[in-house]
Amino acid sequence: MRVLLIGGGHSAYFAARAIREIDPDGHLIIIEFTREKVEMLSRTFPSAEVLFQEIDRVEDYIKENSELLDAVIAATESDSLNLRYCRVARENAVPITVSILNNPLNYEIFKKEKINYIIDPYRVITIQLFEILGAPVNVVFSSLVNNLEIASVRILNEKLLHELRSALDKHDDVIAAFVSRTGEISSSPSSVSLGGSAYIMGPREKIEKLLQLSRNVVMR
Amino acid sequence: MSISVIFPTKNRAHYVKRAVRTAFKAHRVEEVIVIDGGSMDDTIRIAEREGAKVIVQSDLIYPGKGIAMRDGAYLASCDILVYLDIDIRNVTPEFIEKLAEPIISGQAEFVKGCFERAAGRVTELVAKPLLRMFYPELAKFRQPLSGEIAGLRKLFYKVEFERGWGVDVGLLIDFYKLGARIVERDIGYKDHDMKPLHALTDMAYEVAAAILRRAIRDQKVDPRWAEKYMSGVRAMDLGLESERGFV
């Protein structure tokens with residue numbers, strides 16, 4: 001895999017580490033704007049090709065190399081730059097465009113630009129706190145590409161279990177997996193006990209409806 | 001030459017419609033950019049509806065004026081960038097045209113706007129004395145902290161944006177150090193909100209730190225002296241703690 005990673009800050013560092021782990025033999029190109037960081041990145045990731053580029057030359061680099069790239073990951077410290085670079089990558093048919101947000105408030109703005117993947121590093125805080133503190137429902141992943149969503153519902157009472165079972169029976173396009181309180185995974189709702197969780201996946205609107213139903217039952 | 005107009009803003013729903021519309025009326029303006037600081041009101045929605053490109057500043061710090069200005073420069077695509085405060089009640093297209101004119105006519109690469117009023121307190125009591133000490137060539141500017149500026153976009157990629165209130169004087173010094181030709185243009189009367197005195201302490205600190213940091217960088221102050229005697233100043237504000245690791 002040939003991946004272009006842009007940036008030299010925290011996000012880029014962790015992205016580079018992940019890419020190396022996923023594909024140790026792949027071609028990783030890192031672009032940075034300061035010579036000091038280029039040097040540091042070269043030492044930290046010796047098998048990567050680390051390039052110094054001026055901020056306004058990166059778009060030309062993407063255009064010139066778009067046919068060779070499998071993915072562009074914009075992970076600079078400015079959401080403006082990330083948006084610009086992902087936009088050019090998308091316009092030049094790079095198969096995968098990823099932007100790592102600096103400010104989660106930009107999520108909707110990036111979504112409108114049809115960037116394939118928008119990573120909000122702060123999202124994990126919400127997801128994990130919801131799990132740890134026992135929120136009844138939690139959106140785990142929302143796909144921008146095909147409008148599907150994965151969510152978890154904690155089975156807090158019999159009423160919720162009953163409502164969820166009958167709702168799932170009605171929606172063929174929603175699939176579910178159940179995790180019991182003791183950690184067994186099953187595809188059958190009948191094997192779920194109170195305190196376990198249901199993981200549901202389907203079209204976003206339907207998942208949102210099921211989550212609302214679950215909230216209503218829990219609040220009652 | 002085309003112009004991008006950039007408005008750093010936060011919770012200014014009341015002003016944004018007029019500001020964006022006025023900017024689009026100015027000659028050569030091809031894009032208007034609103035950089036939002038995390039507004040809780042309708043600023044973003046109105047700006048988008050009026051045809052501005054909108055993004056939320058990358059780092060939600062306060063004051064984040066410098067971050068917002070940097071993000072504006074990074075999002076812009078025209079030849080000339082014009083920055084304006086969004087809360088100027090009497091803003092007209094001429095504000096923008098006057099700021100951009102010296103660049104279009106080839107007289108300058110960077111323009112500082114100034115106004116028909118006495119300069120502010122931080123300007124007179126902090127910025128001007130420090131500029132006179134370290135950058136006497138820049139002491140002639142009437143309003144070195146003015147946020148109404150214009151410059152060639154490509155040069156904004158070569159300067160350092162302070163994060164907060166020090167950004168305006170920082171840009172002035174950095175453009176000067178780049179060798180850019182700088183002029184000051186009187187753009188008339190500016191009707192906008194003034195900050196109360198108590199709100200100026202942090203602003204004055206950041207302006208002073210921005211100037212001192214550059215004075216150290218440009219070897220006008222011995223960094224060892226600064227480290228030893230300026231113990232009340234955060235070392236990072238003076239650029240004395242070099243960034244290590246992936247920051």
Side-chain angles (χ1 to χ4, degrees), chain A residues 5-17 30 32-34 36-45 50 53-59 74-88 99-113 115 118 120-122, chain B residues 4 6-11 31 33-41 43-45 47-49 52-62 64 66-79 81 152-161 163 178 217 239 242-247:
Chain A
L5 171 66
I6 311 157
H10 276 109
S11 302
Y13 170 73
F14 285 106
R17 275 181 51 158
I30 306 176
E32 221 307 293
F33 315 122
T34 59
E36 197 185 36
K37 281 189 181 171
V38 165
E39 216 172 279
M40 198 186 300
L41 286 161
S42 304
R43 282 200 303 269
T44 313
F45 301 103
V50 186
Q53 277 283 0
E54 290 186 4
I55 284 170
D56 54 346
R57 294 281 306 144
V58 176
E59 282 152 312
T76 75
E77 290 164 2
S78 165
D79 282 341
S80 291
L81 289 181
N82 292 342
L83 188 65
R84 263 175 64 175
Y85 299 152
C86 278
R87 196 187 281 150
V88 172
S99 181
I100 302 179
L101 291 180
N102 291 282
N103 188 338
L105 296 177
N106 277 319
Y107 190 87
E108 290 300 321
I109 289 168
F110 276 64
K111 201 168 126 186
K112 280 182 208 158
E113 291 281 343
I115 311 299
I118 305 163
D120 170 2
Y122 298 97
Chain B
S4 302
I6 300 166
F7 294 107
T9 185
K10 185 178 181 181
N11 293 329
E31 68 181 359
I33 293 172
V34 170
I35 306 291
D36 188 75
S39 290
M40 302 296 281
D41 63 11
T43 301
I44 290 180
R45 194 179 57 79
E48 281 180 330
R49 195 185 62 205
K53 291 181 182 172
V54 181
I55 200 160
V56 186
Q57 69 182 51
S58 298
D59 200 348
L60 271 187
I61 57 160
Y62 181 81
I67 299 284
M69 288 178 70
R70 182 201 69 179
D71 283 341
Y74 288 172
L75 195 63
S77 56
C78 297
D79 307 308
L81 308 188
L152 281 177
R153 180 170 64 96
K154 60 183 182 185
L155 295 184
F156 281 96
Y157 298 150
K158 298 181 189 298
V159 294
E160 186 190 346
F161 285 83
R163 294 161 72 85
L178 275 179
R217 177 196 69 188
S242 60
E243 289 181 337
R244 294 278 178 257
F246 294 88
V247 180

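Here is how names work: the chains are called A, B, and so on, in the same order as the sequence lines, proteins then strands, and each is numbered from 1.
E77(A) and R70(B) get closest at one heavy-atom pair: O-NH2, 3.0 Å. Scanning both residues, L75(B) and L83(A), for their nearest heavy atoms gives CD1-CD2, 4.0 Å. Counting all heavy atoms, side chain and backbone alike, S80(A) lies closest to D71(B) at OG-O, 2.7 Å. Nearest heavy atom pair, residue Y157(B) against residue R84(A), reads OH-NH1, 2.9 Å.
Judged as a ring pair (Phe, Tyr, Trp, His ring centres under 6.0 Å), and not counting sequence neighbours, the contacts of F156(B) are Y83(B), F175(B). Taking L105(A) as the reference, N103(A), V56(B), L60(B) meet the side chain to side chain contact (heavy atoms under 4.5 Å, CB included) condition, with sequence neighbours excluded.
The closest side-chain heavy-atom distance from E54(A) to K158(B) is below 4.5 Å.
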Would you please test N106(A) and I55(B) for side-chain contact (heavy atoms from CB on, under 4.5 Å) and show each step? CA-CA 6 Å; N106(A) 277 319; I55(B) 200 160; 3.2 Å; yes
Taking it one step at a time, do E48(B) and I109(A) satisfy side-chain contact (heavy atoms from CB on, under 4.5 Å)? CA-CA 10 Å; E48(B) 281 180 330; I109(A) 289 168; 4.2 Å; yes
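Contacts between F110(A) and chain B at a heavy-atom distance below 4.5 Å involve the side chain alone, from C-beta outward.
Atom OG of S58(B) and atom CG of L101(A) lie 9.5 Å apart (nearest 0.5 Å). Atom CD of residue Q57(B) and atom CG of residue D79(A) lie 10.5 Å apart, to the nearest 0.5 angstrom. One distance of note links OH of Y74(B) with OG1 of T76(A); it measures 8.0 Å at 0.5 Å rounding.
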